[in-house]
Amino acid sequence: MNAKLSKPRSRFSTRRKALLGLVVIALGVIGWLQYVGAAGISGIPTKDMDWNADGTVTQTEIMQAFYAVGVTKTREGRRECSEYYWREDKRGIRVDCRTTMAAEPEKK
């Protein structure tokens, strides 16, 4: 009889709820970074995050790749370009272009 009066047990423990919350927050942050075009998740190697062109990459510059630097990627035929800019005032930092050897997609 006591079993019927006791509170039903939650399907998820508090620890699992906290972990699920952290995963949802992390996915939200990644989605937001993708939406705003953050350079930090664009595939740029850490060694290329030298935004002030002094020859060394600092932790500050790595963090700037996520909150202060944006990237716009363009493609013309086999030429792919990534334009890095300061998100605050859209001032350009640099443009990296490369030619790929992959076949061009067929036009319909």
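- Side chain of Arg15 to backbone of Lys17: no donor-acceptor contact under 3.5 angstrom is found.
- Around the CZ atom of Arg16, the shell of radius 6.0 Å holds no more than 12 heavy atoms that belong to other residues, nucleotides or ligands.
- A distance of 7.5 Å separates OG1 of Thr72 from NZ of Lys90, quoted to the nearest 0.5 Å.
- Contact check for Phe66 versus Gln64: no side-chain heavy atoms found under the 4.5 Å cut-off.
- Put simply, the side chain of Glu83 does not reach to within 4.5 Å of the side chain of Thr74, judged on heavy atoms.
- Annotation: the span from Asn52 atom CG to Thr58 atom OG1 amounts to 7.0 Å, rounded to 0.5 Å.
- When every heavy atom of Lys47 is checked against every heavy atom of Val57, the shortest pair comes out as O-CG2, 3.6 Å.
- With hydrogens and angles disregarded, a donor-acceptor distance shorter than 3.5 Å links the side chain of Arg87 to the backbone of Tyr67.
- Note that CD of Glu76 is 9.0 Å distant from SG of Cys97, once rounded to the nearest 0.5 Å.
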(request) Would you sort out whether Arg98 and Asp96 count as a salt bridge (charged side-chain N to carboxylate O under 4.0 Å, His left out), showing the intermediate values? (result) CA-CA 7 Å; Arg98 66 182 189 165; Asp96 293 338; over 6 Å; no
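- In plain terms, the two heavy atoms of Ala65 and Met49 that are nearest each other are CB-SD, 3.7 Å.
- Taking the side chain as every heavy atom from C-beta outward, Ile44 and Tyr84 approach each other to under 4.5 Å.
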(request) Start with the C-alpha distance between Val29 and Leu27, add both sets of side-chain angles, then the distance that settles side chain to side chain contact (heavy atoms under 4.5 Å, CB included), and finish with yes or no. (result) CA-CA 5 Å; Val29 168; Leu27 288 174; over 6 Å; no
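- The hydrophobic clustering, which links ILVMFWY residues whose side-chain heavy atoms are closer than 4.5 Å, places Tyr35 and Ile30 apart.
- The minimum heavy-atom distance between Val95 and Cys81, with the atom names listed, is CG1-CB, 4.3 Å.
- The minimum heavy-atom distance linking Val71 with Ser42 is given by the pair CG1-CB, 3.5 Å.
- Below 30°, between 30° and 60°, or above 60°: for Trp86 and Trp51 the angle between ring planes is above 60°, a perpendicular geometry.
- Residues Glu61 and Asp50 have side chains in contact (heavy-atom distance under 4.5 Å, counting atoms from C-beta outward).
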(message) Assess the residue pair Tyr85 and Val69 against the criterion (side chain to side chain contact (heavy atoms under 4.5 Å, CB included)); give the C-alpha distance rounded to whole Å, side-chain angles, the decisive distance to 0.1 Å, and a yes or no.
(response) CA-CA 6 Å; Tyr85 59 91; Val69 177; over 6 Å; no
